[in-house]
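Note sheet for the following structure.
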2 protein chains.
Amino acid sequence: MARPERRTVRDVRRGNRGMLLRTLYFDGPASRHELTGLTGLSAATISTMTGDLLAEDIIVEAGQVDSDGGRPRVLLRVNPAYGHVIGVDVAETHVRVELFDLEMTEKARVDYSLRPSHHDIELVTRRILAGIDVVLADGQVPADRVLGVGIGVPGIVERGPDTLIHAKTFGWDGVPLGALMRAGTSLPVFIDNGAKTMGQAELWFGGGRGAAHAVIVLIGSGVGATVVADGVVMRGASNSAGEWGHTKIALEGRQCRCGGRGCLEAYIGAEGILDRAGVPTRTSDWQAALGRVLETRPDVIEETVAYLGMGLSSLINLLNPERILIGGWAGLMIGRDLLPGIRAAARVNSLTQPFNATSIILGELGPDAVALGAATLVLEEFLNTSAPLRLHAAS
Amino acid sequence: MARPERRTVRDVRRGNRGMLLRTLYFDGPASRHELTGLTGLSAATISTMTGDLLAEDIIVEAGQVDSDGGRPRVLLRVNPAYGHVIGVDVAETHVRVELFDLEMTEKARVDYSLRPSHHDIELVTRRILAGIDVVLADGQVPADRVLGVGIGVPGIVERGPDTLIHAKTFGWDGVPLGALMRAGTSLPVFIDNGAKTMGQAELWFGGGRGAAHAVIVLIGSGVGATVVADGVVMRGASNSAGEWGHTKIALEGRQCRCGGRGCLEAYIGAEGILDRAGVPTRTSDWQAALGRVLETRPDVIEETVAYLGMGLSSLINLLNPERILIGGWAGLMIGRDLLPGIRAAARVNSLTQPFNATSIILGELGPDAVALGAATLVLEEFLNTSAPLRLHAAS
DNA sequence: CGTGCTTAGTTCAATACGTGAACCTATACT
DNA sequence: AGTATAGGTTCACGTATTGAACTAAGCACG
């Protein structure tokens with residue numbers, strides 16, 4: 001039972017303005033006249049609202065289109081230089097900070113490598129803050145033109161005033177990354193799980209565009225998923241929804257690093273595949289190792305496809321998505337050649353109706369999209385609220 | 001990416017009025033003054049809005065509360081007699097039609113038994129239409145005081161102008177129940193899967209009250225689930241979300257009636273349990289048979305609990321609900337004594353964080369709640385829109 | 001070259017909504 | 001009877017969308 005908030009007339013404006021801006025962002029450039037059709041708003045409203053947005057420099061004119069016999073249409077578009085967004089990818093081996101304009105064109109990037117098992121939270125925070133300064137300098141963007149910073153981290157992100165992070169592999173147990181960031185910068189900070197920010201990137205700019213019900217599946221050494229229902233990333237009661245990798249596919253099955261047994265991840269995660277193939281998991285280059293398994297061990301691969309089909313069918317039956325994207329470095333490697341087999345394996349295990357409603361395709365964005373997705377969190381906020389800039393960066 | 005609709009000032013009213021009505025329905029009776037706190041609306045707005053609702057007879061005064069030193073508070077509540085709703089349960093062996101007032105007090109009911117494999121759509125439609133007339137006569141409610149009819153049916157409900165039903169067990173393959181109903185009555189008709197209407201009933205009036213993220217699990221001879229995300233029942237791309245019973249828990253496992261192998265339903269559905277216990281599934285009284293297995297076959301039951309724990313853990317990990325309700329006749333039988341064991345089995349297979357965020361409890365409403373839940377579809381529509389009555393029942 | 005036609009975009013009065021402040025109302029206590 | 005207190009109503013105001021009237025900018029054709 002949803003309990004929506006009280007609304008006032010001003011919320012109407014906020015909502016409609018956000019819709020106009022999103023329409024212009026995704027379907028633009030467009031003329032005022034076209035916008036009436038796209039948004040459902042009257043010409044009068046479009047006129048006043050575009051007037052405001054032009055005055056605020058949030059949108060700009062983008063040329064004219066001659067019409068045969070009639071006043072030419074003036075095209076409008078979101079001003080890509082109105083503001084910039086920063087995305088951060090905090091991973092096992094590196095901290096990456098990227099600067100984008102509003103069209104998500106990368107303007108600058110910096111990488112800091114992390115020594116394994118050297119994930120001190122203060123160190124990571126310092127790297128992020130330093131990275132922000134570096135990309136702003138490189139991109140020649142003043143801090144007061146930045147709409148915010150999005151950060152993708154491993155583990156579970158507990159929302160709250162301090163934004164606590166729980167990441168076993170990093171030894172982070174309730175680390176207040178949000179509070180630490182906000183102490184170091186006045187920019188608005190958004191933090192989410194890295195797998196979810198990757199999903200967000202696929203949803204907005206990759207293979208998930210336009211899908212209202214989708215699941216973005218991530219297969220790397222671990223296995224996760226981003227569930228999108230009614231166009232919104234599903235978060236659950238404590239923001240940990242999407243843990244698909246620990247779905248059980250066998251009673252008393254293979255040991256998983258989560259401590260449980262029979263987890264999907266223990267079968268189709270890169271580590272699980274290598275282990276099933278008898279390859280020592282202490283390999284230096286996992287990608288190469290997985291490549292060799294793909295070429296030389298059809299038995300293991302066939303089994304992998306079968307398990308993956310089982311896992312996907314659970315998603316299809318339970319969630320009835322219109323699209324499933326397979327991503328993550330291992331997912332892309334496996335999927336490149338074996339997608340037809342994966343589809344067949346999913347079909348065998350799925351109910352006809354929901355299977356037919358689903359298309360199973362590869363992700364488009366590669367494994368580097370964590371920072372892009374994190375930056376998208378900022379963009380999303382901007383497009384929804386179109387909050388006038390500069391207020392936050394005051395202090 | 002959600003694309004919200006254009007909004008006007010009148011949507012503000014509709015939304016706020018709906019919120020006021022829902023507040024009064026679930027937290028009422030309440031005084032105007034209390035409503036300002038509960039809704040966040042100003043006293044002025046509450047005053048004009050309650051004035052309208054009183055004039056329309058949708059709400060009524062419900063006595064006064066003396067305050068020590070000050071004007072007494074006048075309590076307001078939803079008028080239970082303002083309108084009535086009808087719920088229909090179309091099941092294997094019967095068609096049941098129930099009449100409720102707005103407080104969901106049953107005012108009349110009628111049952112028609114169906115001969116097995118005699119589920120002709122015209123026959124069922126005739127029974128429903130006749131049942132509507134009967135309950136209205138019995139309850140002495142004129143048709144123009146009925147807000148609508150909700151129908152719970154087996155199988156997949158394909159939304160659209162005709163509301164097609166696909167139910168293998170009934171031999172219904174795209175049967176236009178919606179169109180047939182609308183041809184036979186001018187009342188608004190809402191149709192949904194029966195498992196989902198039961199879930200809806202638990203969510204509104206049973207153990208799910210107040211939960212924003214919940215899963216209502218249904219274990220009968222089949223196994224299903226109603227997934228609630230952000231307070232809304234999840235439907236997916238083609239309205240078939242919630243098919244939890246065919247989640248695979250074993251590669252090449254037990255044969256399921258869906259045609260697949262290793263489905264959860266084949267292990268923990270009543271039929272699956274009896275079969276695993278070696279009881280012939282041609283029994284006349286399944287409940288008694290399951291009761292005997294519960295008493296005499298601890299081995300089978302222990303196994304069942306383990307499988308159920310596996311299945312629940314998939315839900316916990318993937319969806320991160322705050323509450324899981326176990327319902328359905330078999331679910332209630334198993335759960336009555338074995339809930340602690342089920343919880344333990346779920347814990348073993350779940351990640352710590354999401355497991356701790358979930359409470360696993362029994363459903364409160366028993367298996368007869370299909371019609372109640374179906375009627376709740378009408379109630380939901382009414383509370384959201386508070387559409388002035390009588391317009392539909394015109395013809 | 002100017003008149004009419006067509007399409008794009010703007011302005012304005014009408015209408016709807018929620019809100020704060022001033023106001024009215026109904027009780028208890030003294 | 002008077003006063004304090006709390007509940008409830010009224011109204012001017014600011015903000016929102018909209019349809020209708022209007023202006024703007026091009027083309028075709030005589």
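Chain naming here is simple, since letters A, B, ... match the order of the sequence lines and numbering starts at 1 in each. The analysis underlying the following values was restricted to heavy atoms, covering all of them including side chains, and did not include hydrogens, waters or symmetry mates.
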Could you run down the sub-3.5 Å N/O contacts of the protein with nucleotides 21-25 of chain C?
| unit_1 | atom_1 | unit_2 | atom_2 | d |
| --- | --- | --- | --- | --- |
| C:dT25 | O2 | B:Arg71 | NH1 | 3.4 |

Could you run down the sub-3.5 Å N/O contacts of the protein with nucleotides 15-17 of chain D?
| unit_1 | atom_1 | unit_2 | atom_2 | d |
| --- | --- | --- | --- | --- |
| D:dT17 | OP1 | A:Asn16 | ND2 | 3.1 |
| D:dT17 | OP2 | A:Arg13 | NH1 | 3.2 |

Listing time: all N or O pairs from protein to nucleotides 28-30 of chain C that are below 3.5 Å?
| unit_1 | atom_1 | unit_2 | atom_2 | d |
| --- | --- | --- | --- | --- |
| C:dA28 | O4' | B:Gly69 | N | 3.3 |

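In this structure, B:His33 places its NE2 atom 13 Å from P of D:dT9, rounding to the nearest Å. The CZ atom of A:Arg32 sits 12 Å away from the P atom of D:dA25 (whole-angstrom rounding). Distance B:Arg73 CZ to D:dT9 P: 15 Å, rounded to the nearest Å. One atom, CD1 of A:Ile46, and another, P of C:dT11, lie 15 Å apart when rounded to the nearest Å. Distance A:Leu35 CG to C:dT7 C1': 16 Å, rounded to the nearest Å. With rounding to whole Å, B:Glu61 atom CD is found 14 Å from C:dA26 atom C1'.
Shown here are the salt bridge (Lys or Arg N to Asp or Glu O under 4.0 Å) partners of B:Asp162, two or more places apart in sequence or in another chain: there are none. Not a single salt bridge (Lys or Arg N to Asp or Glu O under 4.0 Å) links A:Arg6 to another residue, sequence neighbours left out. With sequence neighbours excluded, the residues forming a side chain to side chain contact (heavy atoms under 4.5 Å, CB included) with B:Glu106 are B:Glu98, B:Phe100, B:Arg109, listed by chain and number.
With hydrogens and angles ignored, the 3.5 Å screen pairs a side-chain donor or acceptor of B:Thr39 with a backbone N or O of B:Leu35. Here the side chain of B:Glu202 pairs no donor or acceptor atom with the backbone of B:Gly199 at under 3.5 angstrom.
Residue B:Ser47 places no side-chain N or O under 4.0 Å from the OP1 or OP2 atom of D:dT10.
Using a 4.0 Å heavy-atom cutoff across all strands shown, A:Thr50 reaches no nucleic acid atom at all. Backbone-only engagement by B:Gln64 is indicated by non-hydrogen atom pairs under 4.0 Å involving sugar-phosphate atoms exclusively.
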